[in-house]
Amino acid sequence: MTARYAIILAAGKGTRMKSKLYKVLHPVCGKSMVDHVLTQIEKNDMDEVVTIVGHGAEKVEETLGDRTKYALQAEQLGTGHAVLQAKDILGDKEGMTIIACGDTPLFTAKTFAELFQYHESKGAVATVLTAHTDNPFGYGRIIRNDIGIVEKIVEQKDATKEEAEVTEINTGVYCFDNQELFKALAQVKNDNAQGEYYLPDVMEIFQKEGKVVAAYQMKNFEESMGVNDRLALSKATKVMQRRINEKHMQNGVTLIDPDNTYIDIDVEIGSDTVIEPGVYLKGKTVIGSDCIIGAHSQIKDSIIEDGVTVTSSLIEEAHMRQNSDIGPYSHLRPLADIGQGAHIGNFVEVKKATIGKNTKVGHLTYVGDATLGKEINIGCGTTFINYDGINKHHTNVGDYSFIGSGSNIIAPVEIEDHAYVAAGSTITDDVKAHDMAIARGRQVNKKGYYDRYPVAQAAAKTEAKEEK
Ligand code: UD1
Ligand code: MG
């Protein structure tokens, strides 16, 4: 098989984005644009991929890691100049090279595969991937001769009136004979409206040399959308989101309102799970089968096992085991591990805590830095007090224990299996198995004291009105 190489252009600043973040690092559905491009290219059995970096080079390298080699373009003198920076790594290699831009996140592996195949079948030295659009503004235009062969590509700013009317555009993706590419690049000049070395100019160079130049026309313009500003970013995100959502629906997931469901690209969801509107599933979240993810829930980098119900809650870096449930309006923070069948009710926050099988934490409770066994009942308004202002301390609660409502559990403390904490207790000492702990002030009733308070006068007035 012919060797396959790729060059991804990612050195530009992206001035039109008006952003502190370098353009190609802007995320689309949870993954930076340049990562989307690399991910789809990688699926084509590549021998080597080189990413051209410049603005934000370290950040781009940090994002993509060792999945690609890097060549630095210290000064951004144009796309042709950018590709030339890969010469030290690729220049003497024999094979085909695909070039793509880091700001076109919607291209699929299938399109790259088709381009390689078309290029080879035509015996071309250069094949440009083109598409038709009603609104070609900003793109390079494909100028063909009388018999339909690509003569050259003209940038928006250099186009004559007639050229600007052409609706076939350069998608910014090409396939080249690798060695021919670097030979032609050496001849590219910068005598154009932007004073840049344009990569598309190599097409005209090949054409004049009588070499075979081809164009592979995509049916779907949408896929080639280039993101130069925030408007295009939102359009690309919409397209990507629709693709992701359609994939999940095809896999047997119900999305009540796919237009208002936001799922990052790497999220996995099992069949017969129902996702209600306004849900945001982020990062590396994995959701099992037969779950219900209720309206307006947000789940990030978490594992949700089969049969879980989430009702309007926020879950971050947490784990919910089979058939557990949460919500409405609760918050799982990093390292919350909710056991099988466990119940987290409303207004509950859990952080760095394990909640055992079938344990119930129903209402208005904070559990932090704790290990709770199975079949425990935690009463309403219980606080696990874990922080002394400097350090965090841990609490254990054993199986089948009962914590009465309104208790404060001050860590570090150990409540053993089958222990009972009376409501309203402030627990500072360990509680042994089968014991009951009660730690609260004794009640004193003061005879007739009600009448000393202003409420008594207010009540008297109201009562007098009621009698009239
Ligand atoms: C480019 C093409 C245009 C095509 C369009 C498709 C050129 C001259 N024009 O225009 O024909 O229709 O893409 O989206 O190639 N970059 C560098 N170094 C540079 C300049 C750019 O690495 O010196 C990178 C950018 O980071 C970006 C990519 O190359 O990822 C494309 O550059 P951009 O400025 O977006 O070019 P367009 O104007 O979109
Ligand atoms: Mg662009």
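Indexing begins at 1, ligand by ligand and atom by atom, following the structure's order. Quick caveat: nothing in here was measured; it's all calculated off a predicted structure.
- Counting the atoms of ligand 1 from 1 in the order shown, those under 4.0 Å from a heavy atom of Gly140 are 3 (C), 4 (C), 11 (O), 12 (O).
- Residues satisfying the side chain to side chain contact (heavy atoms under 4.5 Å, CB included) criterion with Ser224, sequence neighbours excluded, are Phe107, Ala131, Ile169, Thr171, Met218, Phe221.
- Around atom NZ of Lys300, no more than 12 heavy atoms belonging to other residues, nucleotides or ligands sit under 6.0 Å away.
- If you number the atoms of ligand 1 from 1 as listed, the ones under 4.0 Å from a heavy atom of Gly102 come out as 30 (O).
- The presence of a protein heavy atom under 4.0 Å from atom 36 (O) of ligand 1 is ruled out.
- Checked against side chain to side chain donor-acceptor pair (under 3.5 Å), Lys122 has no partners two or more places apart in sequence or in another chain.
- Those atoms of ligand 1 that come under 4.0 Å of a heavy atom in Arg16, given as number and element, are 34 (O), 35 (O), 38 (O).
- A donor-acceptor pair shorter than 3.5 Å cannot be found between the side chains of His36 and Gln40.
- Applying the 4.0 Å criterion to heavy atoms of Lys23 picks out, from ligand 1, the atoms 35 (O).
- If you number the atoms of ligand 1 from 1 as listed, the ones under 4.0 Å from a heavy atom of Ala82 come out as 17 (C), 18 (N), 22 (O).
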- Task: Go through the steps for Ser312 and His296 under the test side chain to side chain donor-acceptor pair (under 3.5 Å), then give the verdict.
- Result: CA-CA 5 Å; Ser312 300; His296 303 291; over 6 Å; no

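- Distance check, rounded to the nearest 0.5 Å: CD of Gln73 to OG1 of Thr51 gives 13.0 Å.
- Side-chain contact, Asp201 with Tyr197: no donor N or O sits under 3.5 Å from an acceptor N or O.
- Close N/O approach between Tyr174 and ligand 1 is not found [any backbone or side-chain N/O within under 3.5 Å].
- In this structure, atom 29 (O) of ligand 1 has protein heavy atoms in its sub-4.0 angstrom surroundings.
- Considering both main-chain and side-chain atoms, Tyr139 never comes within under 3.5 Å of ligand 1 through any nitrogen or oxygen pair.
- Neighbours of the Mg ion (ligand 2) restricted to protein N, O or S atoms under 2.8 Å: the count is 2.
- The presence of a protein heavy atom under 4.0 Å from atom 2 (C) of ligand 1 is confirmed.
- Defined by atom type and a distance below 3.5 Å, a donor-acceptor pair is present between the side-chain atoms of Asp325 and His343.
- Annotation: side chain to side chain contact (heavy atoms under 4.5 Å, CB included) contacts of His55 (sequence neighbours excluded): Lys13, Tyr22, Gln76.
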